[in-house]
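Quick notes on the structure that follows.
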Amino acid sequence: MTAPTKPNPSSPSADALHGPVIDWFEENARDLPWRRAAAGPWGVMVSEFMLQQTPVSRVLPVYEQWLARWPRPADLAKESPGEAVRAWGRLGYPRRALRLHGAAVAIAERHGGDVPTEHAQLLALPGIGEYTAAAVASFAYGQRHAVLDTNVRRVFARAVTGVQYPPNATTAAERKLARALLPEDEHTASRWAAASMELGALICTAKNESCVRCPIAAQCAWRLAGKPEHEGPPRRGQTYAGTDRQVRGRLLAVLRDAVGPVPQAALDRVWNEPVQRARALDGLVADGLVEPLPGRLYRLPLS
DNA sequence: AATGCGTGGTT
DNA sequence: TAACCAAGCAT
């Protein structure tokens, strides 16, 4: 059985992919605010945090609000973490807001207020992992990095490896392939990173892929193989109704919409099962998303 | 390495 | 309509 990340014998060469994909990108790239020069490294970094597991359409309005309110890392660093959580609104995964605030504080303290340029420095910031460090270094600073997000992984799985979907978790073989496909020239590499991601986002989508508009359809290993169905373990479903996540979301929504501290009685109304409710609230406090005050009061964290 | 972590649109 | 999906990270 062939490893799912091993290129097919008939897989296209790197050189055969770069030109068509980058040319397609020049013509079809979306005009997103974080792609404009005015966004700067901070705009790129904010957008990357917001886009972790969240669609572009929902990020756009919140991104504009954040950049208008906190145009530099030091501006956000001066705020309380709770204000960041409040301004995060309903983007989801609010720990990202906390981490972005923490990253802004670290940038103000350690990097003179400028988003660091080095991959290792970026990786050391809270909320920044392998993908985001590479994305900021590549998109904001034009550096040569393999930017391996879910879109790129899917494009490589199909075009090169010949399977419908990449593995559940990113494998060493995928990283190796991404590095092998990276153009040598720095500027070309950064264009390739953005272009291959955009191809996955717009054309080579998880469902209803649009091969007729794909610039590399003629070379795509998966299409040439007759687009075989995904085999292997199904991707882990994400149930939500009835989970602690749902309870946490409801609790935090009350605190976001409140001006001052909220009595526990008000929080109790969002979920009728007391054990799960208490567990969810404790979890929010443990995560630093909620601050308990004397007298059974709660608020978003002031520090 | 498997799991937990929000939310809303689409099929 | 329940399931799936959306530029991951931390533990």
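This one's a predicted model, so the numbers in the text were calculated from it and none came from an experiment. Throughout, protein chains are lettered first and strands after them, A, B, ... in sequence-line order, and every chain is numbered starting at 1.
Scanning atom types as modelled, no donor and acceptor separated by under 3.5 angstrom connect the side chain of R245(A) and the base of dT7(B).
The main-chain N or O of G89(A) is found under 3.5 Å from a side-chain atom of R256(A) such that the two form a donor-acceptor pair.
Taking side-chain N and O atoms only, T205(A) has no distance below 4.0 Å to OP1 or OP2 of dC5(C).
Along DNA chain C, the nucleotide nearest to R154(A) and the one nearest to R95(A) differ in position, and the one closer to the 5' end is contacted by R154(A). Between R99(A) and Y240(A), the residue whose closest nucleotide on DNA chain B is further toward the 5' end is R99(A). Nearest-nucleotide positions on DNA chain C for K207(A) and P126(A) put K207(A) closer to the 5' end.
Aromatic ring pairs are classed by plane angle as parallel below 30°, tilted from 30° to 60° and perpendicular above 60°; the pair W88(A) and W66(A) is perpendicular.
E130(A) has its CD atom 18 Å from the P atom of dA7(C), to the nearest Å. Regarding L91(A), its CG atom lies at a distance of 12 Å from the C1' atom of dA6(C), rounded to whole Å.
When side chains are defined from C-beta on, S80(A) does not count as touching H101(A), because their heavy atoms never get closer than 4.5 Å. The shortest side-chain heavy-atom distance between E130(A) and H119(A) falls under the 4.5 Å cut-off.
Using a 4.0 Å heavy-atom cutoff across all strands shown, T150(A) reaches sugar-phosphate atoms only and no base atom.
Within residues 246-274 of chain A, the residues that have a heavy atom under 4.0 Å from DNA chain B are, in order of number, R248(A), G249(A), R256(A).
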Only pairs under 3.5 Å count here: list side-chain donor-acceptor contacts from residues 38-52 of chain A, not counting sequence neighbours, and write none if there are none.
| residue | atom | partner | partner atom | Å |
| --- | --- | --- | --- | --- |
| W42(A) | NE1 | W70(A) | O | 2.9 |
| S47(A) | OG | V44(A) | O | 2.7 |
| E48(A) | OE1 | Y131(A) | OH | 2.8 |
| Q52(A) | NE2 | G127(A) | O | 3.4 |
| Q52(A) | NE2 | T132(A) | OG1 | 3.0 |

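We find that R154(A) and E209(A) are not joined by a salt bridge, their nearest charged nitrogen and carboxylate oxygen being 4.0 Å or further apart.
Of the listed nucleotides (dA7(C), dG8(C), dC5(C)), dG8(C) has the atom at the smallest distance from the side chain of Y93(A).
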